[in-house]
Amino acid sequence: MISVTGLTKTYGETVAVDDLSFTVQPGVVTGFLGPNGSGKSTTMRMILGLDRPDDGSITVDGKAYRELAWPLREVGALLDAKALHPGRSARSHLKSLAESNAIDTKRVGEVLELVGLDSVAKRKVGKFSLGMGQRLGIAAALLGDPQILLFDEPVNGLDPEGILWVRTLLQDLAKQGKTVFVSSHLMSEMALTASNLVVIGRGKLLAETTVENFIASRTTPTVRVSARNLDALDAALRRKGASTTRESDHLLVTEMAQEAIGEIALDQAIALTELTQQSASLEEVFMQLTAGEGEYESGAVQ
Amino acid sequence: MTTSIIPAAPLASKFTHAVRSEWTKIRTIRSTWICLGLAVLFAVGLSILVPSLVAHHWSTRSLADKANYDPTSLPLVGVGLAQLVIGVFGALVITSEYSSGAIRTTLAAVPRRGILLGAKATVLGILTLVVAELITFTSFLVGSSVLLASGGRTISGNESLVQQLTSTHIPVATLATPGVAVAVFRSGLYLTLLILIVLGIGFIIRNTAGTIAIFVALILIVPAILGALPQSISRPIIEHMPSSLGTAMGSTHARTTDYAGTLLNPWAATLLMVVYAAVVLLIGWFMLNRRDA
């Protein structure tokens, strides 16, 4: 479990993380969402004791990171896949990490095989592609078989097969009872991978909930319906208490379930050409929630 | 909530594992062996070249030159060149971690800053000591062989200054000459302490170009500028600067003279280098502890 309490960090005039508190539970994948520049990476660096908070505290399994006996055996992290010496081979890099934390060096071969890099283990990591670098970073995180895992944007640079592999891996790790904390600015990816969410914008906590609740609490269930005689259907639905919005060739109906709409259409002998439950995507909810919270906002094209 | 099953680790155990890790890191980078190989090559090369020139011109040298002549220091002349390569190596060991970002991976694995800095200094210090002693003893043996081959004559070490001044053959020391073997050893120790100073500067500056610039200024530029000032001002400063301490450590003379003035007693010079290295590394540790990685 990771507990963050009242975490604050400023760089000069910029407040990167502002009184942030949340906990990350074991056994599930927790997504850490926020636009670019919202403080995700800064928070992750502070969890690993790399940056010092100005205020607040972080504990991993009840202890400060610097106090862990063998940190790599308790917390595995992928922060920046390129944060390694380009002149060293993948195997030597992992061997040095294993030795620093009294991890059996047999694990080096095991994790290289696990991430599919065993054939390039002797190649210099400077020659690795972004995707290979990510795999090596994941191998390093898994080296000490830790109970807590942090991944900062792990699917960056991966091909579709690699993305699927990471998604499955994260869920498998969570199923083993591990604490899995994954940051991303890609909501669609988190919708598929995570069960819990910690959402931040401009360093502040915006939401800490499950993916389901996050969507349900912030969207109104909407049904999209079309018919040959759209005007008659619109009038009938309104009479029965639904709110409708007329679009070019269909209606968006709220405050009425899909089933009820079908029955009304049958009563009125109106043939439906479409009747679909609209589910708001995590993306849309996130965009609404973080509107104006990004560090850089793009304007409309003139 | 998961309970930690990792047993507590004593600091000594953390330190030995950090040392093992740093040793793997330093030996698996090609630039380590390129730098150390170049240092050996430069030192031995210069220790062939300069003694042969000095021996050739011995008979025509002034009395002052002959009085300043130190048969131990001359074959070690290549150490002066080797120290530049050694310094660059010492800088790269830490600044390459900062330029690549690898320092964050390192600190996540070894979050106790003192242990990390201590392990790095230990590995770098021992590796450099071994190579530096190879450099100084090889340079000395090669350099004094060149002197003998150029008409030099072996001394017993009990000769008076007058004998040295009037000798028609350039005096040559051997490792058996009193005080010589230990001076050659001290010269290797100088390179080791110097690289630890550079390592400390690297931890403070965290940037390759900046660290090397400060090192070169310390070894070459500042002594040259001070040399242009009146001796009453420059001499006390120069004799306490690392490059002069290096000359003093590689000398048998209790108090010999250099181009710019006097040198400290060899053991006092050694002690001062130890103090410099300790102070710079302590500042480096202090800043490593306080700053964000």
Side-chain angles (χ1 to χ4, degrees), chain A residues 1 9 11 25-27 42 45-46 48-52 60-77 79-80 82-89 91-93 95-103 105 124-126 137 140-141 143-144 146-148 150 177-179, chain B residues 1-35 92-116 119-120 123 287-293:
Chain A
M1 191 173 88
K9 177 75 180 175
Y11 296 105
Q25 299 293 342
T42 304
R45 280 203 305 275
M46 287 192 281
L48 295 177
L50 296 174
D51 286 12
R52 274 180 185 267
V60 278
D61 275 352
K63 275 179 266 172
Y65 190 85
R66 286 193 197 202
E67 304 308 319
L68 297 174
W70 301 111
L72 297 188
R73 290 156 68 176
E74 300 183 54
V75 182
L79 285 198
D80 174 4
K82 288 279 154 197
L84 30 79
H85 197 297
R88 199 173 281 124
S89 74
R91 182 178 296 279
S92 302
H93 169 67
K95 183 168 188 272
S96 74
L97 287 178
E99 286 169 338
S100 69
N101 275 252
I103 298 163
T105 45
K124 289 197 170 118
V125 298
L143 190 63
Q147 279 300 311
I148 297 174
L150 307 180
K178 295 177 192 290
T179 303
Chain B
M1 184 163 167
T2 48
T3 41
S4 179
I5 47 147
I6 314 293
L11 286 184
S13 173
K14 287 186 177 190
F15 181 73
T16 47
H17 282 91
V19 165
R20 208 173 295 166
S21 169
E22 288 299 327
W23 168 238
T24 296
K25 280 163 70 179
I26 208 168
R27 73 181 168 77
T28 54
I29 292 292
R30 197 190 289 160
S31 68
T32 297
W33 305 110
I34 293 175
C35 284
L92 283 176
V93 163
I94 179 62
T95 58
S96 70
E97 289 214 24
Y98 278 102
S99 60
S100 65
I103 189 70
R104 290 194 292 277
T105 307
T106 301
L107 285 174
V110 185
R112 299 288 286 252
R113 271 58 173 168
I115 287 180
L116 176 71
K120 261 198 196 305
V123 167
M287 301 194 76
L288 183 64
N289 237 333
R290 287 188 46 133
R291 288 196 294 210
D292 292 339

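- Across all non-hydrogen atoms, the minimal contact from A102(B) to L84(A) is CB-CA, 3.6 Å.
- Residue contact with chain A, scored on non-hydrogen atoms closer than 4.5 Å, involves the side chain of R112(B) exclusively.
- Interface remark: A77(A) contributes no atoms to any contact with chain B (heavy atom separation under 4.5 Å).
- Only the backbone of R290(B) comes within less than 4.5 Å of a heavy atom in chain A; its side chain stays farther off.
- Of all non-hydrogen atoms in A109(B) and N101(A), the two that sit nearest each other are O-ND2, 2.9 Å.
- Side-chain contact between R20(B) and K95(A) is absent, with no heavy atoms from C-beta onward closer than 4.5 Å.
- Of all heavy-atom pairs between Y65(A) and A108(B), the closest is OH-O, 2.5 Å.
- Proximity to chain A (any heavy atom under 4.5 Å) is restricted, for R27(B), to the side chain, taken from C-beta onward.
- Heavy atoms of L143(A) lying under 4.5 Å from chain B are absent altogether.
- The side-chain heavy atoms of K25(B) and R88(A), taken from C-beta on, include a pair separated by under 4.5 Å.
- The shortest distance between side-chain heavy atoms of H17(B) and E99(A) does not fall below 4.5 Å.
- Pairing each heavy atom of A83(A) with each of R104(B), the nearest pair is CB-NH2, 4.3 Å.
- Atoms CD1 and NE2, from I103(B) and H85(A) in turn, are 11.5 Å apart once rounded to the nearest 0.5 Å.
- One distance of note links OG1 of T105(B) with CG of D80(A); it measures 7.5 Å at 0.5 Å rounding.
- Within the 4.5 angstrom heavy-atom criterion, no atom of L79(A) approaches chain B.
- For the atom pair OG (S100(A)) and CD1 (I115(B)), the distance works out to 11.0 Å, reported to the nearest 0.5 Å.
- Atom CD1 of I29(B) sits about 9.5 Å away from atom OG of S96(A), to the nearest 0.5 Å.
- Heavy-atom pairs under 4.5 Å with chain B were tallied for K9(A), M46(A), Q25(A); the largest tally goes to K9(A).
- Of the listed residues (P10(B), S100(B), S96(B), A18(B)), the greatest number of heavy-atom pairs within a distance under 4.5 Å of chain A belongs to S100(B).
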> Could you go step by step and tell me if R66(A) and N289(B) meet the side-chain contact (heavy atoms from CB on, under 4.5 Å) rule?
Replying inline: CA-CA 11 Å; R66(A) 286 193 197 202; N289(B) 237 333; 2.9 Å; yes
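- Across every non-hydrogen atom of K14(B) and A69(A), the tightest pair is CE-O, 3.1 Å.
- There is no contact between S31(B) and chain A, counting heavy-atom distances below 4.5 Å.
- Between D292(B) and R52(A) there is no salt bridge, since no side-chain N of the basic residue sits under 4.0 Å from a carboxylate O of the acidic one.
- Considering only heavy-atom pairs separated by less than 4.5 Å from chain A, the leading option among S13(B), S99(B), G101(B) is G101(B).
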